[in-house]
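Values below: every heavy atom of this structure, side chains too, minus hydrogens, waters and symmetry copies. Order of appearance sets the numbers: ligands from 1, and atoms from 1 within every ligand.
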Amino acid sequence: MRVLVVEDETRVASAVKRGLEAEGFAVDVAMTGTDGLWLAQENDYDVIVLDIMLPGMNGYRICSTLREGGNWTPILMLTAKDGEYDEAEALDTGADDYLTKPFSYVVLVARLRALLRRAGRSETVMYEAGDLRLEPALHRVWRGDTEISLTAREFSVLEYLLSRAGDVVSKRDILEHVWDFDFEGDPNIVEVYVGRLRRRVDEPFARRAIETVRGAGYRLRTDGGR
Ligand code: CA
């Protein structure tokens, strides 16, 4: 597994590199944003660990530039604890997950492994609800003939909702299936993702496939929200 770490704090970068190498990852480190973007575009990484504040180009711009260029390598963004840099913004630029500094090394490895597992899914099933279709093996989603691009995490949330189409699923169910079972962050992250999915798969098509069931969770309509 090949990891790109984009981090300008030497101590953090070298500790992460040593630690990940001990876990069997092959690690490249970029100390500036411009180097990080270049490496990410030139090489085929399995996952990218991306700091936000970087010389040259910040993490948000790197992330959105990669996504706009069709690069869907899973990205874990490192955010600051002081709240100056918003997790929602990290996700909006196309990151798949974020970790707040300072982070425990064990948690970093667990998150990376979870991202890699999700990215490597290879079932051949196709999920359908009305004209909403999702193909896990190809990591592709369509509304009718229109293909929709989703981040790895958005894709996983939609995949889970589609796999349970017609059922009410709780936020806890979604967290347990899409995030790690030992997820310790804010469960409201599920709302953030559901909102993002609605903006991608429902609103542009004037549909309401993802329903909120008050006090219980969400239900994806089997008719795709027609
Ligand atoms: Ca930094």
Subject >> Heavy-atom side-chain contact between Glu159 and Arg164 under 4.5 Å >> reply: no
Subject >> Heavy-atom check, side chain of Tyr218 versus side chain of Ile174, under 4.5 Å >> reply: yes
Original post:
Judged by atom type as modelled, is there a donor-acceptor pair below 3.5 Å linking the side chain of Arg67 to the main-chain atoms of Gly94?
Top reply: yes
Original post:
What protein N, O or S atoms come within a distance below 3.0 Å of the Ca ion (ligand 1), ordered by chain and number?
Top reply: Asp8 OD1, Asp51 OD2, Met53 O
Subject >> From CA spacing to verdict: side-chain contact (heavy atoms from CB on, under 4.5 Å), Thr73, Asp46 >> reply: CA-CA 6 Å; Thr73 304; Asp46 294 295; over 6 Å; no
Original post:
Thinking salt bridges, do Arg2 and Asp44 make one under a 4.0 Å N-O criterion?
Top reply: no
Original post:
Is any side-chain heavy atom of Met31 less than 4.5 Å from a side-chain heavy atom of Glu7?
Top reply: no
